[in-house]
Every structure is written in C-alpha cells, then in structure tokens.
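Structure, as structure tokens:
Model, not experiment: these values are computed from the prediction. Numbers restart at 1 for each chain; the letters A, B, ... are given by sequence-line order, proteins then strands. Keep in mind that the numbers below use all heavy atoms, side chains included, and drop hydrogens, waters and symmetry copies.
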Protein chains: 2
Amino acid sequence: MSENFTPDSSLQQQMETFEETCRTADLKLTHQRLEIYRELAKATDHPSAEMLHKRLQKTMPTLSLDTVYRTLTTFEQHHLVKKVQTVDSQARFEAQMVQHHHLICDSCKEIMDFHWNSFDSTPLPADIRQWGTIRNKNVTIHGTCQKCQALKKVKKRT
Amino acid sequence: MSENFTPDSSLQQQMETFEETCRTADLKLTHQRLEIYRELAKATDHPSAEMLHKRLQKTMPTLSLDTVYRTLTTFEQHHLVKKVQTVDSQARFEAQMVQHHHLICDSCKEIMDFHWNSFDSTPLPADIRQWGTIRNKNVTIHGTCQKCQALKKVKKRT
DNA sequence: GCTCACAGTAAGAATTATTCTTATTTGCAT
DNA sequence: ATGCAAATAAGAATAATTCTTACTGTGAGC
Ligand SMILES: [Mn+2]
Ligand SMILES: [Mn+2]
Ligand SMILES: [Zn+2]
Ligand SMILES: [Zn+2]
C-alpha cells in the first residue's frame, strides 16, 4: 500500500475507468456526465435520480432532473451503472458493478451492499437450468436496520 | 386423494382462507375483492394491476382500475398478496405467500416462481446479522427464457 | 327479510415519476 | 479557431398510481 494512499484513490481509479469507457463508447465527456457519475460512484446508499439531482444542485445549480435521468439511462445502457430492483416507485441506482447482494430496510428504504462468495459459487437447483439462459443470481434481504429498530423502541416508550 | 379432486380444489381452498381472513380483518366481502383475489390467485405470471384489470373487465365491465389498485394495496396490508420487486415501472403482484424465489426474463418480463429449500435453510453470512432484524431472504435470477431465446434465433436468421 | 350506517366503489381529477420536444449550448475532430 | 453532431435545460407530455367525491352495497341489528 503506497504512502500516497487516500480513501479517494479508488474513486480516482473508477473515474479514469469511466472516462476510458466513455471514450471507447463515443460518449462525450460532459461536465454533467462526469459529476453525475462521480456522485453516484461515491454514494453507498443507492440514491434515486431525484436524490442525486438534489445533491448535485448545490454545486451545479442549473443541472436539470431530466439530464440526471437521461444520463443514468445512457450509463445503464453502457453497463456503467445499474438500476436496483425495489418495490418502491422511485428507481434507485448504483455504480458498483461487481457481483454483490442487497440488504433493504423496509422502514427507511436504505439499501446496503454485502458480499456472499459461498452463495455466488453455489450451483442453482437443477430444474431451473432448462428455463433459459441465466445471466445472474442475486439475494435480497428485507428487514429493519439498527437505526430504525432503535427509533421504534423510542416511539413505543412514548 | 379424493375422487372429487379437481385442479381447482386448491383455489377453492385458497378462496375460503381468503374469505376467512377478510372476515377476521373486518374487510367486507365485496364482489370486486373476491374476483380480484381469485384472478390473482389463479394467475402464475405475477400480473400488474393493469393486466388484472384487463382480464377482469371481460366479466366485470364496470370495474375501475382504481379499485384494482386500492384493493391490491388493502390485500397487501393484510398480507394476502405481495408486491414483487422488479426494475420496471409497473408494479407486479402475486397471491402466493409461501417462501419462494423468482426467475425473471429480461426480455418478455415474465416472472416465474421456483423453490430452493437448501438455500432457504442456509444461514446468512455472519457479518450481516448485526445489520438489524432480518425478515426474509430471496433470490432473484435474471436471464432470458426459452421462448425469448427461440425468438432471438429466428430474428438473427432474417 | 328489512333497514341503516358506513365501508367500498366508479369516475374523473390530481399527483408523482419519468420521458419527450425543442431551442440552445458544448465537446471535440478537423 | 471553426463546424457540427451530440448533449443539455426548460417546460410540456406521458405513464403509473392515488385522491376526491358522490353514489352503492355489505352485513349487523332488528
Ligand atoms: Mn448495491
Ligand atoms: Mn412469485
Ligand atoms: Zn432503516
Ligand atoms: Zn422471455
């Protein structure tokens, strides 16, 4: 590990990969695309388009919500980001493209990543294979996070 | 197995359980509720509210789409149906409440059930336990179903 | 079986999330 | 530096879902 290591070094790396992918895909490197990608890449909470827009407006007051949506869709088509499947109406996004799974708090809607290598390497039940071509398999865990549990206890006491 | 066994016997059973649950929950047994539940219970494709409405309109021409939505929401609150999490804008529903998992075709959006008991009884990675209270864990498999694969091949030949 | 209170419904308006249209701006190849 | 296709901003439009309101029907009590 180098002496120049900073918590941002992986983000820097990710930005470079992003720029490279854009150039290869003939996507122009606009300020909007760079900032939207950076904001999503540094987020760990799987923000919605609206959340991203709100965060970015502080530094880019003229950024339109439509651009956020359009840009995320473009990124998705180029496998730079993923739409996360939820039961809620607003779509949630992430720039984390390596295989992982999700913990979802049904109370605050927080989405957290986790890894589960032993699951990833477990073969599927045999009878599923004939269904078609399988692209990926993912686990979603629903529950209530610590924070929300604590809040509930406080409320009960009232 | 009785001589009176018919393919519908389990649906009959499910309808009785449904009626019982409604009575216990002080939900009036309206024609709309009965038919919406029956239609969803007999479906295996996880229909959207709109799909259910379309199917029911044949026999109930005055049924409003709003009633379908409202009724499904009521059922969901009483754990009679579940909203299925997808990446698409239209919500999909099911009356199948026993633990199971989903195969989703990214091409035709078909959602299929499957069971995986060995997964269900596998403990979660230890480091997840501290996140909060876990309610359930489910697997979603994405891919392309046989039908869609066949269609693609035909198209390629053209 | 009849009546009545009130939960539930239909219809259309409203809201929310997302996408489209169009005039203007910008990245980048030349 | 110039030109032009691609991208953006703003607001209109669309799609999915929910709300409002006047009317209807379920089922408890007689
Ligand atoms: Mn994730
Ligand atoms: Mn299912
Ligand atoms: Zn929470
Ligand atoms: Zn398919």
Does the side chain of B:H101 pick up a donor-acceptor pair with the side chain of B:D120 at under 3.5 Å?
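Their side chains do contain a donor-acceptor pair, which is all the 3.5 Å distance test asks for.
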Exactly one of B:T67, B:T74, B:T73 should register a side-chain hydrogen bond (donor to acceptor under 3.5 Å, both in side chains) with B:R70. Which one does?
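Testing B:R70 for a side-chain hydrogen bond (donor to acceptor under 3.5 Å, both in side chains) against B:T67, B:T74, B:T73 leaves exactly one candidate, B:T67.
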is_close_aromatic(A:F93, A:F75), centroid dist under 6.0 Å
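No, the ring of A:F93 stays outside the 6.0 Å limit from the ring of A:F75, centre to centre.
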Out of curiosity, does B:L29 fall in the hydrophobic cluster containing B:L72 (side-chain heavy atoms, cut-off under 4.5 Å, transitive links)?
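Hydrophobic grouping puts B:L72 with B:L29.
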Where along residues 82-93 of chain A does a heavy atom fall under 4.0 Å from DNA chain C?
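Contacting residues: A:S89, A:Q90, A:A91.
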Between A:E110 and A:K147, does any NZ, NE, NH1 or NH2 come within less than 4.0 Å of an OD or OE carboxylate oxygen?
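The answer is yes: the pair qualifies as a salt bridge.
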Taking only N and O in the side chain of A:R70, is any of them less than 4.0 Å away from OP1 or OP2 of D:dT8?
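Checking D:dT8 against A:R70, a side-chain N or O does come within under 4.0 Å of OP1 or OP2.
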Between A:S64 and D:dA9, is there a contact of a side-chain N or O with OP1 or OP2 at under 4.0 Å?
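It does, given that an N or O in the side chain of A:S64 lies less than 4.0 Å from OP1 or OP2 of D:dA9.
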Considering residues, nucleotides and ligands other than A:M112, do more than 12 of their heavy atoms fall under 6.0 Å from its CE?
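Counting neighbours around CE of A:M112, 12 or fewer heavy atoms of other residues, nucleotides or ligands fall under 6.0 Å, so no.
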In whole Å, what is the span from the [atom1] atom of [X] to the [atom2] atom of [N]?
X     : N      : atom1 : atom2 : value
B:M60 : C:dA10 : CE    : C1'   : 12 Å
B:L65 : C:dA14 : CG    : P     : 18 Å
A:Q57 : D:dA9  : CD    : P     : 11 Å
B:Q77 : D:dT18 : CD    : C1'   : 13 Å
B:H53 : C:dT9  : NE2   : C1'   : 12 Å
B:I36 : C:dT9  : CD1   : P     : 7 Å
B:H78 : C:dA7  : NE2   : C1'   : 12 Å
A:D66 : D:dA12 : CG    : P     : 14 Å

Could you give the distance from OG1 (B:T71) to NE2 (B:H53), rounded to the nearest 0.5 Å?
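Nearest 0.5 Å value for the OG1-NE2 distance: 11.0 Å.
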Should the pair B:F114 and B:W116 be assigned to parallel (<30°), tilted (30 to 60°) or perpendicular (>60°) ring geometry?
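Answer is tilted, since the angle falls between 30° and 60°.
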Parallel under 30°, tilted from 30 to 60°, perpendicular over 60°: which one fits the rings of B:F119 and A:F119?
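B:F119 and A:F119: perpendicular rings.
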Need one value for B:R33: base, sugar-phosphate or nothing, where a base atom within 4.0 Å counts as base even if backbone is also close, heavy atoms only.
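If one applies the 4.0 Å heavy-atom cut-off, B:R33 turns out to touch the sugar-phosphate alone, with no base involved.
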Each nucleotide of nucleotides 25-30 of chain C classed B (base within 4.0 Å of a protein heavy atom), S (only sugar-phosphate) or -, in 5' to 3' order, makes --BS--
